[in-house]
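Presented below is the structure to which this report refers.
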Amino acid sequence: MGHIVWGPRRGMLTTAAAAAAVVLLAGCTGSTPADGPVSTQTPTGPGISASTGPNDITPHAVGSDLNFECADPIATGLALDDVAVPDSIGMPDVMAVNATAGGNAIHWGGANYKGLKFAKVGLILKIGQTFTLEVPANMRGHVKIGWSNSGYTVADSLAVPGCTTNLPDTKWLVYPGGIWLDAPACVPLTVTHGGDTEILHIPVGTSCP
């Protein structure tokens, strides 16, 4: 059986506490980066509301196509089961989103960026695996994605370069973040790894068929 090792900013977690940590990871697999200062920009764009409020944030990184930041995972594990909920949604032996297929919908309605509300869910990836995670073209402007331990990230596409770590007994890395969207949806995210492509259906604020 594997075990969980919290990243360098969190200290170490004992093997006896691993089961409890997996339960906590279901919410976002760890703490969320601190909120940025209140945005004063005027929102524009398709599917984006012009209203602002107290939950508005200024992201750490914004762009259409961004490179994923590998630094400071919030948790690590030897096996996917050590850091993921059962039946997590993902591409086998490559990555997973810490939500359950056919399970409860991810809570939608946290922080706000230009009318897109945040749904917190952790991203889990296998070390050394390169892949791209992206929002379909017909949903851009209505849905964004972003994972990083440096702050809120807002993107249409994230290119994961094959993250590595010096930590022992580690094959899987966990990062905080989630999905931004303007209404609850079963969100289809495209994962491309080598010559393989899969569509992951993520239940945000509502279930997937």
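Contact between Ile89 and Pro203 at its shortest, heavy atoms only, is CD1-CD, 3.9 Å. Smallest separation of non-hydrogen atoms from Glu198 and Gly90: OE1-O, 3.8 Å. Of all heavy-atom pairs between Ala96 and Leu80, the closest is CB-CD1, 4.2 Å. Across Ser207 and Cys186, no two heavy atoms sit closer than the pair O-CB, 4.1 Å. Minimum interatomic distance between Ile57 and Ala111 (heavy atoms only, all atoms of both residues): CG2-CB, 4.0 Å. A pairwise comparison of heavy atoms in Ile106 and Ala99 identifies CD1-CB, 3.8 Å as the closest pair.
You'll find the side chain of Ser148 stays beyond 4.5 Å of the side chain of Phe68, heavy atoms only. Between Thr132 and Leu158, the closest side-chain pair of non-hydrogen atoms is not below 4.5 Å. Contact check for Trp172 versus Leu78: no side-chain heavy atoms found under the 4.5 Å cut-off. Counting heavy atoms from C-beta outward, Trp180 and Lys117 have side chains that stay 4.5 Å or more apart. Residues Ile124 and Leu173 fail the side-chain proximity criterion, which asks for heavy atoms closer than 4.5 Å. In this structure the side chain of Pro73 never reaches within 4.5 angstrom of the side chain of Thr170, judged on heavy atoms. The side-chain heavy atoms of Val191 and Leu200, taken from C-beta on, include a pair separated by under 4.5 Å. Here the side chains of Leu189 and Ile145 are in contact, with some heavy-atom distance below 4.5 Å.
No donor-acceptor contact under 3.5 angstrom links the side chains of Ser88 and Asn98, judged on distance only. Side-chain polar atoms of Asn112 and Asp56 form a donor-acceptor pair below 3.5 angstrom.
The pair Lys126-Asp93 counts as a salt bridge, with a side-chain nitrogen and a carboxylate oxygen less than 4.0 angstrom apart.
Remark: of the listed residues Lys144, Met139, Glu134, Lys144 is the sole one forming a side-chain contact (heavy atoms from CB on, under 4.5 Å) with Asp156.
The six-membered or imidazole ring of Trp108 lies away from that of Phe118, with a centre-to-centre distance of 6.0 Å or more.
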| Check against side chain to side chain contact (heavy atoms under 4.5 Å, CB included), Leu125 and Cys163 | CA-CA 8 Å; Leu125 54 91; Cys163 301; 3.9 Å; yes

| query | Given the rule in the side chain to side chain contact (heavy atoms under 4.5 Å, CB included) test, do Thr165 and Ile127 qualify, once you have shown the distances and angles that lead to the verdict? | reply | CA-CA 8 Å; Thr165 180; Ile127 61 172; 4.3 Å; yes

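Panel note: side chain His193, backbone Thr130; a donor-acceptor pair is recorded below 3.5 Å. In this structure, Ser64 contributes its side chain and Ser157 its backbone to no donor-acceptor pair below 3.5 Å.
Applying the 6.0 Å contact sphere to CG of Asn104 captures no more than 12 heavy atoms from other residues, nucleotides or ligands.
Here the straight-line distance linking atom CG of Asp196 with atom CE of Met91 works out to 6.0 Å at 0.5 Å rounding. In this structure, OH on Tyr175 lies 12.0 Å from OG1 on Thr153, to the nearest 0.5 angstrom. Distance check, rounded to the nearest 0.5 Å: CD1 of Ile179 to CG of Leu116 gives 12.0 Å. Note that CD1 of Ile202 is 11.5 Å distant from CG of Leu181, once rounded to the nearest 0.5 Å.
Judged as a salt bridge (charged side-chain N to carboxylate O under 4.0 Å, His left out), and not counting sequence neighbours, Glu69 has no contacts.
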